[in-house]
Amino acid sequence: MDEVRALRELLPGVEAAVREVGAELAAARPAGPTPGRTLGELTACFVELDDPVAARLRARLGALRPQAGWVSDEPAGTLPAEGEWWLCDTTDGAVQYLLGQQPWAVTATLVRDGVAVLAVVHTPELGGRTYRAVRGGGAELDGRPVAPLERDPAVAVAGTAQPPLVAADPVALRRAGESLTAVLGSVLAVRCLGPTSLQVAQVGSGHLTLFWEYGADAGNLLPGALIAAEAGATVTDAAGAAWTPGSDSFLAAAPGLHPALVEVLRTVR
C-alpha cells in the first residue's frame, strides 16, 4: 500500500506535465490539415511541432522521478526488462493531429521492470478528458473512478486499430482483416476512434465495450492497458492468455463479454 500511495502522490505532477504539453500542441497546430504532400514533408512538419514539447515533457517528468530513465515510444523501440522508465507519447494519434482532426492524446507511462505502474492519457481537444491509473490503485476519468459496462453483444461497440509498422508484418495484416470480419458479425459496430491508448482506456470507462488489435504495439497499448485493467476490464492477448509488452495481439473487454470475444477471435489464424 505504501507503493500505491507513493505512485498516487506522483500522479498530480505527471498529469500537470501532460496537460501543459497538450495545451502547447493544441495551440501550435494549424487550423486545417498540415500541407505536407509526401511522407517526408509530413514527418518534417510533425518533428517541428512535436520535438520541442517532447523535450519539455521529458524535463518535467525527469524532475519528478530523477531515478527513472527514458525509453523511445517509436515502434522499433525496445522496453527494458529491468529498472524504471518513462514511456511517453506527446501525440498518440499523430495522423489525426496532422490532419486537423480529433481526437489525439498525450500519454505518460511509468514502467517498472517491464510492467506499467502509472499511466496518464489526456485528450487536449476532446473536452480535455484525462484518464489516469496506478497499479493496484484503480483508474479514474477526470478524477472519478471508472468501471467497464457489461452490454449485450447486440449493442456492444468495439474499437480497433493497427500498429504503426503493421505493413511490414504480413501475419498481423492478415489477422487484422480476418478478425474484422469475425467481430463485425458479433457486435453492433466496429469503429477506429483515434489513439490506441485512448480507445483501450475507454473500455475501462464503458465508452467502448471492447478493443482488439494484432501486431506488436507495446508503446501505444501500455498506458491504456493499465487504465482498463485497473478499472476492472479483462486484458489479455487475443487467445485469452496474459498480455505482455511482447505479445503479438491484444484484447481488452468488459469481463462478461471477454470469453465470447476470445471464442470469436479463435477463428483467426
Going hydrophobic residue to hydrophobic residue with side-chain gaps under 4.5 angstrom, can you get from V115 over to V134?
no
Could you go through R60 and E20, starting from their C-alpha distance and side-chain angles, then the distance that decides it, and tell me whether this counts as salt bridge (charged side-chain N to carboxylate O under 4.0 Å, His left out)?
CA-CA 10 Å; R60 287 283 302 272; E20 180 180 299; 2.5 Å; yes
Give the other cluster members for L149, using side-chain heavy-atom distances under 4.5 Å between Ile, Leu, Val, Met, Phe, Trp and Tyr residues; answer none if it is isolated.
none
May I ask you to list the residues sharing a hydrophobic cluster with L184, side-chain cutoff 4.5 Å, ordered by chain and number?
L180, V183, V187, V190, L210, W212, Y214, L251, L257, L261, V262, V264, L265, V268
Step by step, work out the side chain to side chain contact (heavy atoms under 4.5 Å, CB included) result for W104 and L198.
CA-CA 8 Å; W104 53 279; L198 178 61; over 6 Å; no
Closest approach of [X] to [Y] (non-hydrogen atoms, all atoms of both residues):
X    : Y    : result
L79  : G114 : CD2-O, 4.2 Å
P148 : A231 : CD-O, 3.3 Å
A133 : L11  : O-CD2, 4.4 Å
A218 : L87  : O-CD2, 4.4 Å
T267 : A182 : OG1-CB, 3.8 Å
P255 : A233 : CD-CA, 4.3 Å

What's the separation between atom [atom1] in [X] and atom [atom2] in [Y], rounded to the nearest 0.5 Å?
X    : Y    : atom1 : atom2 : value
F250 : L222 : CZ    : CG    : 9.0 Å
E263 : S186 : CD    : OG    : 11.0 Å
H122 : R132 : NE2   : CZ    : 12.5 Å

Determine the sole option in E3, E140, E15 for which the salt bridge (Lys or Arg N to Asp or Glu O under 4.0 Å) test with R8 is passed.
E140
Could you check if a side-chain atom of [X] sits within less than 4.5 angstrom of a side-chain atom of [Y], using non-hydrogen atoms only?
X    : Y    : result
T43  : L39  : yes
L193 : L208 : yes
T130 : V121 : no
V200 : I227 : no
Y131 : P223 : no

Does [X] reach the main-chain N or O of [Y] with its side chain, forming a donor-acceptor pair under 3.5 Å?
X    : Y    : answer
Q96  : P103 : yes
T123 : R129 : yes
D248 : G215 : no
D217 : L221 : no
S249 : A238 : yes
Q199 : G194 : yes
N220 : S197 : no
E230 : G138 : yes

Does atom CD of Q67 have more than 12 heavy-atom neighbours from other groups under 6.0 Å away?
yes
Please check if atom CZ in R191 has more than 12 non-hydrogen atoms from other residues, nucleotides or ligands closer than 6.0 Å.
no
List in chain and number order the residues that pass ring pair (Phe, Tyr, Trp, His ring centres under 6.0 Å) with W85, two or more places apart in sequence or in another chain; answer none if no residue qualifies.
none
From T236, T234, T209, residue fulfilling side chain to side chain donor-acceptor pair (under 3.5 Å) relative to H258:
T236
Could you tabulate the donor-acceptor pairs under 3.5 Å formed by side-chain atoms of residues 45-54, not counting sequence neighbours?
residue : atom : partner : partner atom : Å
D50     : OD1  : T90     : OG1          : 2.3
D50     : OD1  : T91     : OG1          : 3.3
D50     : OD2  : T90     : OG1          : 3.3

Once side-chain contact (heavy atoms from CB on, under 4.5 Å) is applied, do any residues pair with W86, and if so which ones, sequence neighbours excluded?
L10, V14, L61, R65, A68, W70, C88, L110, L118
Determine whether E178 and R269 satisfy the following criterion, salt bridge (charged side-chain N to carboxylate O under 4.0 Å, His left out), listing intermediate values before the conclusion.
CA-CA 8 Å; E178 291 181 4; R269 301 299 178 186; over 6 Å; no
Test salt bridge (charged side-chain N to carboxylate O under 4.0 Å, His left out) on E24 and R56 and set out the steps.
CA-CA 10 Å; E24 288 186 48; R56 284 192 281 277; 2.6 Å; yes
Step by step, work out the salt bridge (charged side-chain N to carboxylate O under 4.0 Å, His left out) result for E125 and R29.
CA-CA 11 Å; E125 296 184 273; R29 187 173 71 160; 2.8 Å; yes
Applying side chain to side chain donor-acceptor pair (under 3.5 Å) to T181 and not counting sequence neighbours gives none
